[in-house]
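Start at 1 and go down the list; that is how both ligands and their atoms are numbered. Side-chain atoms are counted along with the backbone in the values below, which use heavy atoms only and exclude waters and symmetry mates. Predicted model, so just to flag it, every value in this text is computed and none were measured.
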Amino acid sequence: MLTKTLIAGSTALTLTAGLAAAQTVGFSQIGSESGWRAAETTVTRQQAEERGIDLKFSDAQQKQENQIAALRSFIAQGVDAILVAPVVATGWDAVLEEAKEAEIPVVLLDRMVDSDKELYLTAVGSDLVEEGRVAGRWLVDEVAGAECRVVELQGTTGSSPAIDRKKGFEEGIAGADNIEIVRSQTGDFTRARGKEVMESFLQAENGGKDICALYAHNDDMAVGAIQAIKEAGLKPGTDIKVVSIDAVPDIFLAMAAGEANATVELTPNMAGPAFDALAAYWKDGTMPEKFIQTESKLYTQADDPQAVYEQRKDLGY
Ligand code: AHR
């Protein structure tokens, strides 16, 4: 029988030597609003399977109340850890306190919360502000001093990537007086909303003729917007430059067709580093860094987008 031992002064649990046992981890996923999100789910399942972890998966359908209910259910079941990709940044204190009280470590995946850092074990994610800065700096170089009116498609309102990617982009273009964000609205990280909101931007901006560039907080919204630009009779990538974030296969297809210009990569493998941190914690109580940062890489037309598409199209993202 499995024996668990409390390490003095910490909430860590160790397994009695010689006994291998499957750990149970609850994963509260936001939903499947984007190709990137679906890929993160696939990779998390794969990573759990490779490590013999029993993953209990819960899809919140974009609702924070569903995520909070899922976390409470995981706590009631006495899981060994919880992974959560928090849909918005606020409103987590109570449930995180309940998890802490139950001595269940919580790891945040890809998005941050406003709660006290002591309420979760660690967070795995990218520097979301830097992603926006990279996109902004790319545009500054790309337009090389020419006047540029930018429209922005924001992610889900109140989510940390929407807040940080907006801030980062504004920092990236700061000082470039030739660049101005003329419209900015949420597209909720989805392709359908991205298209819809872009249609309204095009209408409001002289059929799109007054827009020089689109900055989208994710690739899915950019792909939807590209469709809207084409339907308005303009050439995305040429008449309106397109820069976005995620680096999913579909944006490389668009780049290969000359319809998108640049994307900043967000790896969908957040679970690998999360499970590594949990393994060390379960083993001997090793406390990970509070933030485990993944890399953000800029891809442009110079990176042979067709080849990148071919490489990753079968990887599930
Ligand atoms: O939190 C990461 C963001 O959430 C991704 O960029 C986006 O595609 C997703 O839905």
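Scanning the protein heavy atoms around atom 10 (O) of ligand 1, the nearest turns out to be E33 OE2, 2.3 Å. Looking only at protein heavy atoms, the nearest one to atom 5 (C) of ligand 1 is D246 OD1, 3.4 Å. In terms of protein heavy atoms, atom 1 (O) of ligand 1 is closest to D110 OD1, 2.6 Å.
No side-chain donor-acceptor contact under 3.5 Å links S296 and E265.
Counting the atoms of ligand 1 from 1 in the order shown, those under 4.0 Å from a heavy atom of S34 are 7 (C), 8 (O), 9 (C), 10 (O). Atom numbering of ligand 1 starts at 1 in the shown order; those under 4.0 Å from a heavy atom of R111 are 1 (O), 3 (C), 4 (O), 9 (C), 10 (O). Shown in contact with R37 at under 4.0 Å from a heavy atom are these atoms of ligand 1, numbered in order with element: 1 (O), 2 (C), 3 (C), 4 (O), 9 (C), 10 (O). Atoms of ligand 1 found under 4.0 Å from any heavy atom of R165 (numbered from 1 in listed order, with element): 5 (C), 6 (O). In the vicinity of P161, heavy-atom distances shorter than 4.0 Å reach the ligand 1 atoms 1 (O).
Listed for the D220 side chain is a donor-acceptor partner under 3.5 Å among the backbone atoms of G35.
In this structure, K313 fails the cation-pi test against F252, since its NZ or CZ atom is not both closer than 6.0 Å to the six-membered ring centre and inside 45 degrees of the ring normal. In this structure, R133 forms no cation-pi arrangement with F169, as its terminal cationic atom is not both closer than 6.0 Å to the ring centre and no more than 45° off the ring axis.
Contact between D220 and ligand 1 is absent, with no heavy atom of the residue lying under 4.0 Å from the ligand.
Exactly one of E130, E170, E131 qualifies for a salt bridge (charged side-chain N to carboxylate O under 4.0 Å, His left out) with R137. That residue is E130. Among the candidates V223, D219, I226, the single residue satisfying the side chain to side chain contact (heavy atoms under 4.5 Å, CB included) test with V242 is I226.
Under the 4.0 Å criterion applied to side-chain N and carboxylate O atoms, K235 and E259 are not assigned as salt-bridge partners.
Contact annotation for L266 and ligand 1: only side-chain heavy atoms (C-beta onward) come within less than 4.0 Å of the ligand.
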